[in-house]
There are 2 protein chains.
Amino acid sequence: MKPTSTRDRIIEEADRLFYERGYEHTAFADIAEAVGISRGNVTFHYQTKDAILDAVIDRRLARTAALLERWEAGGEGPADRIKSFIDILIANRAKIMLHGCPVGTLCAELAKLEHHALSHASALFTLFKDWLGSQFAALGLKKEADALALHLLARSQGIATLASALRDEAFLREEVRLLHAWLDGTASPSSRRRRA
Amino acid sequence: MKPTSTRDRIIEEADRLFYERGYEHTAFADIAEAVGISRGNVTFHYQTKDAILDAVIDRRLARTAALLERWEAGGEGPADRIKSFIDILIANRAKIMLHGCPVGTLCAELAKLEHHALSHASALFTLFKDWLGSQFAALGLKKEADALALHLLARSQGIATLASALRDEAFLREEVRLLHAWLDGTASPSSRRRRA
DNA sequence: GACAGAATAGGATAATCGTCCTAGTTCTAA
DNA sequence: TTAGAACTAGGACGATTATCCTATTCTGTC
């Protein structure tokens, strides 16, 4: 059981706080308090708030990539892997209803701040898009793979945004059901025949 | 040509700034500068920032209601009215790609701030939902009207979020095309027969 | 045991923020 | 015309912020 370094724990807590409260609304003091260290200690490990943000995004990118690789290595086929992605909405529904999607809300905030890290953060979307695209391609939908991946991402984003704004879990569950149905209709052999 | 009162112009500019920069990131000084008045003058008309926020939301609610009533009074049928809603994404695409959807991003920010005005802001969603629901009902889809309205709202939100994060106008246009196709498939008489 | 460098704590600082306060100016109604 | 209200400008204040700086403690190595 390797004890986590202070440097890592700062990013852990910053990650959580940026998600729960937003980037701008999170202060150095909040992070320090969450980790249980002093403000000065935080600035020793990360000189600027932007540096913390970059590290948080890097952490998210790494963890997302690891998750996708785990799914890739699992015994399931592409369709089931995509279903795993959809079911994130169910698994994380409590947090999503309180704070929205971590990726979407961060990008939205950074866009408003005209923050240069927006392109870094949106790489999270690209990561998902490319992975989903390769799953659709594996289903024989190579030509539409990118569009399908973006479509699924957008649907997920919309569900998270609305579920959070309206605090409506029934809506979230219903939309997830629709997403599964959409995937079944898109990925099934008969559908692929229809498209051909 | 009635000259706009200072009180109204404050809300106009605050509305714009809250959309472009976000609520928290907009200062009294920014609003005052945008209107061309002093900071003290702003606090004379609105004592607190929360009061400005409430007035901005009220303004958005009123303008949205007026827009929907105009569509309702126009000569078009329910399906075309829904298409007018979808086409907001096209008409406002430049701003959406820079700042996202005004409703969705405001609700997301207020949710993170745990701001009590979230329920006020989410009434904008409810307004759209009820109106869209009545259009679907007029198409003979009374039982599914609410779910269809929420579905359409969520799709729009997702499109705005992703188009803004990825700065991808082609994606936005393609998704709008899909939305029109979805509506045609859902609202057409043959579809209604299939559902029955 | 001494010492170097990393790690930690917390005060200092300059900037910004929302809000309050006061003093002028302009408008309005009698 | 004039009194009072409405409006405007901008200084003051206390709180908060990111960042800087200095002092202290810890840790591993001769």
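Throughout, a chain's letter reflects where its sequence line sits, starting with A, and its residues are numbered from 1.
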Enquirer: Of all the choices, D:dT19, C:dT8, C:dA9, which nucleotide is nearest to the side chain of A:Thr6 once you look at every atom?
Expert: C:dT8

Enquirer: Tell me whether A:Arg9 is salt-bridged to A:Glu12, with the criterion being a basic N under 4.0 Å from an acidic carboxylate O.
Expert: no

Enquirer: Check this for me, if you would: do A:Glu20 and B:Lys112 make a salt bridge, where the nitrogen-to-carboxylate-oxygen distance has to be below 4.0 angstrom?
Expert: no

Enquirer: Taking the side chain of A:Ala27 as its heavy atoms from C-beta onward, which of C:dC17, C:dT19, D:dT17 lies nearest to it?
Expert: D:dT17

Enquirer: Within this structure, what is the CZ-to-C1' distance between B:Phe28 and C:dC20, rounded to whole angstrom?
Expert: 11 Å

Enquirer: Taking CZ from B:Arg21 and C1' from C:dT16, how many angstroms apart are they, rounded to a whole number?
Expert: 14 Å

Enquirer: Rounding to an integer number of Å, can you tell me how far A:Tyr23 OH sits from D:dT17 C1'?
Expert: 12 Å

Enquirer: Salt bridge check: are B:Arg173 and B:Glu169 linked by an N-O gap of less than 4.0 Å?
Expert: yes

Enquirer: Does a salt bridge link B:Arg16 with B:Glu13, judged by any charged N lying under 4.0 Å from a carboxylate O?
Expert: yes

Enquirer: In the structure I gave you, are the side-chain heavy atoms of B:Ile90 and B:Leu172 within less than 4.5 Å of one another anywhere?
Expert: yes

Enquirer: Partners of A:Lys83 by salt bridge (charged side-chain N to carboxylate O under 4.0 Å, His left out), sequence neighbours excluded?
Expert: A:Asp184

Enquirer: Measure from CG on B:Leu113 to P on C:dG18 and round the result to the nearest Å.
Expert: 13 Å

Enquirer: CZ of B:Arg39 versus P of D:dA9: gap in Å, rounded?
Expert: 11 Å

Enquirer: Starting at NE2 of A:His25 and ending at C1' of D:dA15, how long is that distance when rounded to a whole Å?
Expert: 14 Å

Enquirer: Please find out if less than 6.0 Å separates the ring center of B:His115 from that of B:Tyr23.
Expert: yes

Enquirer: Residues from residues 44-52 of chain A sitting under 4.0 Å of DNA chain C, heavy atoms only?
Expert: A:Phe44, A:His45

Enquirer: Rounded to whole Å, please give me the gap between CD1 in A:Ile37 and P in C:dA9.
Expert: 6 Å

Enquirer: If I take atom CD in residue B:Glu33 and atom P in nucleotide D:dT8, what distance separates them, rounded to the nearest angstrom?
Expert: 17 Å

Enquirer: Taking OP1 and OP2 of C:dA7, is either one under 4.0 Å from a side-chain nitrogen or oxygen of A:Asn41?
Expert: no

